[in-house]
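The block underneath contains the structure these notes are about, expressed in structure tokens.
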Amino acid sequence: MAARSQYEELARQLSAIGAVKRGLARTLPAECPAGSAAVLALLSRHGEIRISRLAELLDVDMSVTSRHVAHVAERGWIERSPDPADKRSRILRLTPAGEDVLGDLNRRSTEMFAHHLEDWSDEEVGQLNTLLARLRDSFSCRSSGGCAPGRHSGDCRKPADSNDGSYTRTPV
């Protein structure tokens with residue numbers, strides 16, 4: 001376990017990440033705020049899902065999720081269709097137009113990082129990616145009721161159902 005001073009410094013560093021998030025938000029087109037970008041990224045990763053599942057993945061209230069969904073649906077970036085198992089519920093699906101928008105968002109965020117981290121080596125960027133994924137997974141494992149089957153909190157770096165080791169990148 002790290003020294004308390006290390007955790008204090010980590011807290012300070014993560015608080016300063018707000019500048020990076022604001023930089024990412026500035027790369028988004030006005031018609032696609034951060035919440036909309038997150039909806040598109042999650043639908044791309046998870047495929048067709050119910051709005052209740054999307055709310056869980058976003059970790060926000062259902063009313064907030066509904067506003068984000070309405071925004072992207074009005075622009076034709078997602079489709080909402082009746083759930084065959086429960087006609088009261090809707091299944092959300094990314095449209096080709098939504099895939100195009102998501103591609104543009106990913107290009108914008110990639111270019112922003114490439115510009116700001118141009119003096120970083122591939123190894124340094126890889127280390128940052130690995131450590132951030134590990135940090136995210138440590139929080140996910142401890143706050144969401146545990147890790148994937150057969151894993152413990154120290155070994156959550158890769159989901160049990162993932163076979164390629166890749167991580168989904170949410171634009172913001």
Side-chain angles (χ1 to χ4, degrees), residues 1-47 49 54-61 64-65 67-69 71-78 92 94-144 147 153-159 162-172:
M1 187 167 185
R4 182 170 179 82
S5 62
Q6 292 285 69
Y7 295 123
E8 290 169 351
E9 179 60 19
L10 176 61
R12 281 190 291 276
Q13 292 298 330
L14 289 176
S15 292
I17 292 295
V20 175
K21 290 181 72 174
R22 286 187 297 278
L24 274 171
R26 283 190 294 273
T27 69
L28 297 175
E31 70 274 7
C32 189
S36 297
V39 167
L40 297 177
L42 287 169
L43 287 175
S44 177
R45 177 174 186 203
H46 294 277
I49 58 175
L54 181 62
E56 290 172 13
L57 292 169
L58 289 169
D59 197 23
V60 296
D61 186 79
V64 174
T65 303
R67 285 193 299 273
H68 293 320
V69 166
H71 180 84
V72 295
E74 288 167 4
R75 282 150 184 79
W77 300 339
I78 68 166
L92 307 176
L94 197 60
T95 65
E99 291 173 7
D100 290 345
V101 169
L102 185 58
D104 179 55
L105 297 177
N106 286 334
R107 180 191 54 75
R108 289 169 182 252
S109 62
T110 298
E111 288 174 1
M112 190 224 37
F113 279 117
H115 172 74
H116 288 284
L117 304 181
E118 66 186 1
D119 60 337
W120 288 43
S121 70
D122 284 349
E123 182 180 334
E124 289 170 323
V125 174
Q127 288 173 339
L128 179 61
N129 287 332
T130 298
L131 292 172
L132 287 173
R134 184 175 177 191
L135 176 66
R136 182 190 66 227
D137 290 345
S138 291
F139 274 77
S140 178
C141 286
R142 288 177 175 87
S143 65
S144 66
C147 296
S153 62
D155 190 24
C156 287
R157 287 183 277 288
K158 185 175 167 187
S162 175
N163 58 12
D164 65 355
S166 65
Y167 293 94
T168 297
R169 191 169 52 99
T170 305
V172 288

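Shortest non-hydrogen contact noted between Leu28 and Ala37 is CD2-CB, 4.4 Å. Heavy atoms only, all atoms of each residue included: His71 and Pro33 are closest at NE2-CD, 3.5 Å. The two residues Arg108 and Thr27 have their closest heavy-atom pair at NH1-O, 2.8 Å.
With sequence neighbours excluded, no residue forms a side chain to side chain contact (heavy atoms under 4.5 Å, CB included) with Ala11. Under the side chain to side chain donor-acceptor pair (under 3.5 Å) criterion, Arg67 pairs with no residue at all, not counting sequence neighbours. Applying the side chain to side chain contact (heavy atoms under 4.5 Å, CB included) criterion to Ala30, with sequence neighbours excluded, gives no partner residue. For Ala97, the side chain to side chain contact (heavy atoms under 4.5 Å, CB included) partners at least two apart in sequence or on another chain are Trp77, Thr95. Listed by chain and number, the residues in a salt bridge (Lys or Arg N to Asp or Glu O under 4.0 Å) with Glu124 amount to none (sequence neighbours excluded). Among residues two or more places apart in sequence or in another chain, the side chain to side chain contact (heavy atoms under 4.5 Å, CB included) test is passed with Val60 by Leu58, Val64, Thr65. Residues passing the side chain to side chain donor-acceptor pair (under 3.5 Å) test with Asp59, sequence neighbours excluded: none.
Pairs engaging residues 3-12 under the salt bridge (charged side-chain N to carboxylate O under 4.0 Å, His left out) rule: Arg4-Glu8, Glu9-Arg12 [sequence neighbours left out]. Residues in residues 22-42 take part in no salt bridge (charged side-chain N to carboxylate O under 4.0 Å, His left out) pair, two or more places apart or across chains. Contacts classified as salt bridge (charged side-chain N to carboxylate O under 4.0 Å, His left out) and involving residues 109-121 (residues at least two apart or in different chains) are given here: Arg107-Glu111.
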_Test side chain to side chain contact (heavy atoms under 4.5 Å, CB included) on Tyr7 and Met1; report intermediate values, then the result._
CA-CA 10 Å; Tyr7 295 123; Met1 187 167 185; 3.4 Å; yes
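Note that CG of Leu42 and CD of Glu56 are 11.5 Å apart. Values are rounded to the nearest 0.5 Å. In this structure, CD on Gln6 lies 9.0 Å from CG on Leu10, to the nearest 0.5 angstrom. Interatomic distance, OG of Ser44 versus CG of Leu105, reported as 11.0 Å (0.5 Å rounding). To the nearest 0.5 Å, atom OG1 of residue Thr130 and atom CG of residue Leu135 are 12.5 Å apart. The CE atom of Met112 sits 9.0 Å away from the OG1 atom of Thr110 when rounded to the nearest 0.5 Å.
Partner of Val101 under the side chain to side chain contact (heavy atoms under 4.5 Å, CB included) criterion, chosen from Pro96, Ser36, Cys32: Cys32.
Within 6.0 Å of CG on Asp61 lie more than 12 heavy atoms contributed by other residues, nucleotides or ligands.
A heavy-atom distance below 4.5 Å is not found between the side chains of Val72 and Leu92.
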